[in-house]
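A quick note: this is a predicted structure, and the numbers were derived from the prediction, not measured. Chain A is the first sequence line, chain B the second, and so forth, proteins listed ahead of strands; every chain is numbered from 1.
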There are 2 protein chains.
Amino acid sequence: MNQAISSQSTGNAVESILEAAEKLFAEQSFAAVSMRQIGDQAGVSKANVFHHFGTKDKLYKSVIQRIIQASTKLLDELDSGEDDYRSRLSRFNHGHLNNILSNCQGACLLLQESMAIRSGHGQQMAAELLGKQFNRLVNLIDMGQQAGELRKNMDPAMVASMLVSANLFFFNALPIIAHLDTVDFANNPDKYAKGVIDLLFNGIAAGGQEG
Amino acid sequence: MNQAISSQSTGNAVESILEAAEKLFAEQSFAAVSMRQIGDQAGVSKANVFHHFGTKDKLYKSVIQRIIQASTKLLDELDSGEDDYRSRLSRFNHGHLNNILSNCQGACLLLQESMAIRSGHGQQMAAELLGKQFNRLVNLIDMGQQAGELRKNMDPAMVASMLVSANLFFFNALPIIAHLDTVDFANNPDKYAKGVIDLLFNGIAAGGQEG
DNA sequence: TAATTCGCTGACCGACCGGTCGGTCAGCGA
DNA sequence: TCGCTGACCGACCGGTCGGTCAGCGAATTA
């Protein structure tokens with residue numbers, strides 16, 4: 001075993017390759033990463049990467065699938081409890097942001113794969129997942145409306161869009177924003193998530209209630 | 001002139017190369033695009049691309065600079081008028097979203113370049129621009145607070161974050177979201193921008209005023 | 001023990017990469 | 001007319017790419 005290489009903690013080559021590929025693909029891009037790099041990072045030969053995954057494209061899709069499974073699992077665990085809808089939305093929001101931040105590489109890949117113009121290799125897989133998660137959130141807000149807890153003259157999908165986007169932005173623009181002197185919520189995800197819920201519920205107009 | 005190639009409308013080779021490079025870099029990635037592709041797309045030889053820009057890296061940075069200049073110019077034109085702060089924020093929001101949608105390629109490149117983990121070639125240039133634009137928006141909201149038009153127990157930077165992120169999300173997740181049956185604001189940027197302002201000002205809690 | 005399978009590897013291939021080079025050609029000031 | 005310049009090109013360089021393949025050692029099976 002070589003000390004210079006990272007993963008391969010389990011001795012399982014397949015898992016080592018997947019971890020290495022996810023990291024490299026996220027940090028760079030599909031085209032920028034070579035199969036040799038992935039093999040080196042995983043502590044195996046380039047030929048072995050091909051042995052297990054056939055082609056670079058299949059390896060990439062396996063990486064995306066793996067991220068999707070992990071993400072879905074994490075989000076499923078959030079769906080318990082029967083509080084008021086403000087609590088449920090808040091819990092979803094905190095969970096969503098934490099999921100993103102606890103798996104930056106995966107989030108980065110999915111976000112990149114979801115970009116419009118881009119000709120991604122796993123675009124429809126990523127789209128399917130994000131669509132599902134988005135719909136789930138929309139339904140939650142819709143139920144809040146029907147329960148009379150949220151005002152009715154608004155579009156639930158738009159609220160969902162703002163919630164999800166706020167978290168994605170926090171994750172991927174953090175290093176840019178962190179050093180601005182106008183910002184003090186950087187490196188404090190919980191404070192950010194709480195603030196988002198407060199603003200979204202109470203609005204920013206003067207005279208609104210507080211969170 | 002070849003019909004298969006796109007730009008070169010002006011006959012200016014440099015401009016043709018920049019346009020071709022922006023398109024290809026946005027649709028794919030820095031590594032995925034070859035100098036030969038760029039030359040072909042621009043209707044010039046690969047050697048000529050090197051003649052004008054030296055290296056692939058310099059060409060890429062020129063593309064980013066060009067996008068930044070266009071973006072800054074567009075945003076500067078929004079800073080006129082002295083209405084109430086709701087109108088000013090609304091105008092900024094519509095303008096910001098329109099800027100993004102009218103230059104998808106540029107927005108795509110800047111967004112990609114601003115990603116956290118990513119090791120981009122024009123990262124700090126993109127970060128500088130986004131930081132400036134962000135600070136400008138924060139100041140606008142801050143002034144609204146001091147004028148008493150916006151409630152004071154909230155973080156202006158967080159509001160700015162939510163505004164910007166909502167637009168970025170709309171732009172880059174549109175194709176994913178468009179076909180969901182829960183969504184009806186797709187392909188209607190003005191409706192979306194108006195809804196964002198409404199939600200942000202009035203909140204979603206039952207009992208809030210309408211927009 | 002002999003045969004077979006399995007995970008894995010180094011050597012190798014054609015294609016393409018970023019970048020360079022020698023050279024052509026139109027235009028321009030003297 | 002001359003010398004010079006910059007835009008432009010085809011051909012080429014060393015190097016790396018994705019992908020293939022015969023074969024190795026260690027298990028597994030008969």
Side-chain angles (χ1 to χ4, degrees), chain A residues 1-64 66 109 113 119-122, chain B residues 1-2 4-64 66 109 119-122:
Chain A
M1 288 203 210
N2 190 338
Q3 281 291 86
I5 47 186
S6 70
S7 335
Q8 66 165 176
S9 52
T10 61
N12 185 339
V14 171
E15 194 61 23
S16 299
I17 293 170
L18 283 172
E19 282 178 19
E22 178 178 326
K23 183 189 175 192
L24 291 171
F25 282 142
E27 286 174 355
Q28 304 178 42
S29 71
F30 178 82
V33 177
S34 73
M35 295 297 262
R36 182 186 303 273
Q37 275 181 69
I38 295 172
D40 289 348
Q41 178 83 31
V44 301
S45 69
K46 185 185 79 162
N48 195 21
V49 180
F50 280 98
H51 171 69
H52 283 296
F53 293 95
T55 66
K56 191 183 184 184
D57 209 82
K58 288 180 183 171
L59 169 58
Y60 187 77
K61 282 173 181 162
S62 298
V63 169
I64 299 285
R66 188 163 163 273
L109 267 176
E113 213 58 46
S119 54
H121 297 252
Chain B
M1 285 204 207
N2 192 338
I5 47 187
S6 70
S7 336
Q8 66 167 172
S9 52
T10 61
N12 185 338
V14 171
E15 194 61 24
S16 298
I17 294 169
L18 283 172
E19 283 179 19
E22 178 178 325
K23 182 189 176 193
L24 292 170
F25 282 143
E27 286 176 353
Q28 303 177 43
S29 71
F30 179 82
V33 177
S34 75
M35 295 296 263
R36 182 184 301 273
Q37 274 181 71
I38 295 172
D40 289 348
Q41 177 83 31
V44 302
S45 70
K46 188 186 77 162
N48 195 21
V49 180
F50 279 97
H51 171 69
H52 283 294
F53 293 95
T55 66
K56 191 182 183 182
D57 210 82
K58 288 179 183 170
L59 169 58
Y60 187 78
K61 281 172 181 162
S62 298
V63 169
I64 299 285
R66 188 163 162 273
L109 267 176
S119 55
H121 296 252

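Contact annotation: the side chain of B/Arg66 approaches that of B/Glu15 to within less than 4.5 Å [non-hydrogen atoms, C-beta and beyond]. The shortest distance between side-chain heavy atoms of A/Gln41 and A/Gln37 does not fall below 4.5 Å.
With a cut-off of 3.5 Å on both Watson-Crick or G-U wobble distances, the partner of C/dA26 is given as D/dT5. Summarising the base pairing, D/dA26 is matched to C/dT5 through a Watson-Crick or G-U wobble pair whose two defining distances lie under 3.5 Å. Pairing partner, C/dG18: D/dC13, with both Watson-Crick or wobble hydrogen-bond distances short of 3.5 Å.
With a 6.0 Å radius and a threshold of 12 heavy atoms from other residues, nucleotides or ligands, A/Arg36 has its CZ atom at or below the threshold.
An OP1 or OP2 oxygen of D/dA7 is reached within less than 4.0 angstrom by no side-chain nitrogen or oxygen of B/Asn48. For the OP1/OP2 pair of D/dA7 and a distance below 4.0 Å, the side-chain nitrogens and oxygens of B/His51 include at least one atom meeting the criterion. Contact between the side-chain N/O atoms of B/His52 and the OP1/OP2 oxygens of D/dG6 is not found at any separation under 4.0 Å.
Taking atom CZ of A/Phe53 as the reference point, atom C1' of C/dC8 lies 14 Å away to the nearest angstrom.
A side chain to side chain contact (heavy atoms under 4.5 Å, CB included) with B/Ser62 is found for exactly one of B/Val14, B/Ile17, B/Leu18, namely B/Leu18.
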Problem - Sugar-phosphate or base contact per nucleotide [nucleotides 17-22 of chain C; S, B, -; heavy atom under 4.0 Å] - result: SBBB--
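Judged purely by atom type and a 3.5 angstrom limit, A/Lys23 has no side-chain atom pairing as donor or acceptor with the backbone of A/Ile38.
Side-chain contact of A/Tyr60 with A/Glu113: a donor-acceptor pair under 3.5 Å is present, judged by distance alone.
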